[in-house]
Amino acid sequence: MPTITTLLTFAAASFGLLVIPGPAVLFIVNRSVADGRRVGLASVAGIELGTLVHVAAAAVGLSAALAASATLFDAVKWIGAGYLVVIGLRTLITRPVKMSDDLGAVTIAPRRAFRQGIVVNVFNPKVALFFLSFLPQFIDPTRGRAGLQALALGLVFVSIGTLTDGLYAMAASALRHVLVGGRTLPFVQRYVAGTVFVLLGVLAGTHRRVVTPGS
């Protein structure tokens with residue numbers, strides 16, 4: 001299992017990423033503003049369940065990579081670091097998607113919002129690629145099975161995501177007019193998010209490789 005230090009570092013990094021508005025947060029905000037707090041929180045539940053699917057897939061994939069060879073596992077980490085830098089640069093040069101001004105046009109039930117949230121994350125390939133690039137940076141092959149470590153870290157990520165996304169849902173339902181007309185959310189979504197992704201990729205790429213026994 002990961003050390004306490006690793007868990008705390010991962011939790012801090014995850015929090016920094018999760019508070020930045022991305023596609024999932026924008027979905028939650030739109031549903032919360034359009035249909036209220038209850039529907040927004042149902043959307044959060046769906047998003048987190050979808051994230052758990054990717055956590056499980058990442059745990060299996062990383063276990064397979066490490067079982068195949070330490071070199072392959074390191075290759076996954078390097079590719080992941082590069083991917084983080086690429087999506088950071090793309091975020092910086094891409095204009096954020098504008099929130100809909102007609103937020104009160106459609107009203108849906110919480111159950112439907114929950115299902116939509118699952119679909120939004122389960123069928124988003126960027127989420128899968130993100131986990132395959134982010135989780136390996138915090139896994140130490142000398143501390144046991146990579147899959148179990150990935151699962152533990154993923155559960156930490158989902159727990160923090162539930163908290164931050166839930167806060168977004170509650171705040172958005174109360175501040176609909178501010179969020180629709182304001183400029184803070186697009187600025188954070190583009191410039192802050194892009195910078196954070198680039199920095200994470202650089203730090204991951206310069207991280208000292210863990211030497212496994214016999215490697």
In Å and rounded to the nearest 0.5 Å, what is the CD to CG distance from E48 to L163?
10.0 Å
Contact summary for I160 and S14, nearest pair of heavy atoms:
CD1-CB, 4.2 Å
Kindly indicate whether the side chain of L153, heavy atoms from C-beta on, has any atom under 4.5 Å from the side chain of P2.
yes
State yes or no: do F15 and M170 share one hydrophobic cluster built from I, L, V, M, F, W and Y residues joined by side-chain heavy-atom distances below 4.5 Å, directly or via other members?
no
Any side-chain to backbone donor/acceptor pair from D165 onto V44? Under 3.5 Å, distance only.
no
Scanning both residues in full, the closest heavy-atom pair of V122 with G50 reads CG2-CA, 3.5 Å
Using a 4.5 Å cut-off on heavy atoms from C-beta on, say whether the side chain of T6 contacts that of T3.
yes
For the student: nearest non-hydrogen atoms of A42 and P110, plus distance:
CB-O, 3.2 Å
When rounded to the nearest 0.5 Å, the distance separating OH of Y168 from CD1 of I47 is 13.5 Å
Identify whether L41 and F114 are in the same connected component of the hydrophobic contact network (ILVMFWY, side-chain heavy atoms under 4.5 Å).
no
Minimum side-chain heavy-atom gap L7-F138 below 4.5 Å
no
Do F157 and L135 touch side chain to side chain, with heavy atoms closer than 4.5 Å?
no
Any side-chain heavy-atom pair from V25 and L18 closer than 4.5 angstrom?
no
Testing the basics here: between S32 and A172, what is the closest heavy-atom pair and its distance to 0.1 Å?
CB-CB, 3.8 Å
Tell me whether V156 shares a hydrophobic cluster with L167, the cluster being built from Ile, Leu, Val, Met, Phe, Trp, Tyr side chains joined at under 4.5 Å.
no
Test of understanding: clusters of I, L, V, M, F, W, Y form through side-chain heavy atoms closer than 4.5 Å, transitively. Do L155 and I118 belong to the same one?
yes
Nearest 0.5 angstrom please: H54 NE2 to L49 CG, how far?
10.5 Å
Check whether Q149 reaches the backbone of D140 with its side chain - one donor and one acceptor, N or O, closer than 3.5 Å.
yes
Are I139 and V158 connected, step by step, through hydrophobic side chains (Ile, Leu, Val, Met, Phe, Trp, Tyr) whose heavy atoms are closer than 4.5 Å?
yes
With rounding to the nearest 0.5 Å, note down the distance linking CD in Q116 to OG in S43.
7.0 Å
Closest heavy-atom pair and its distance - A109, V39
C-CG2, 4.4 Å
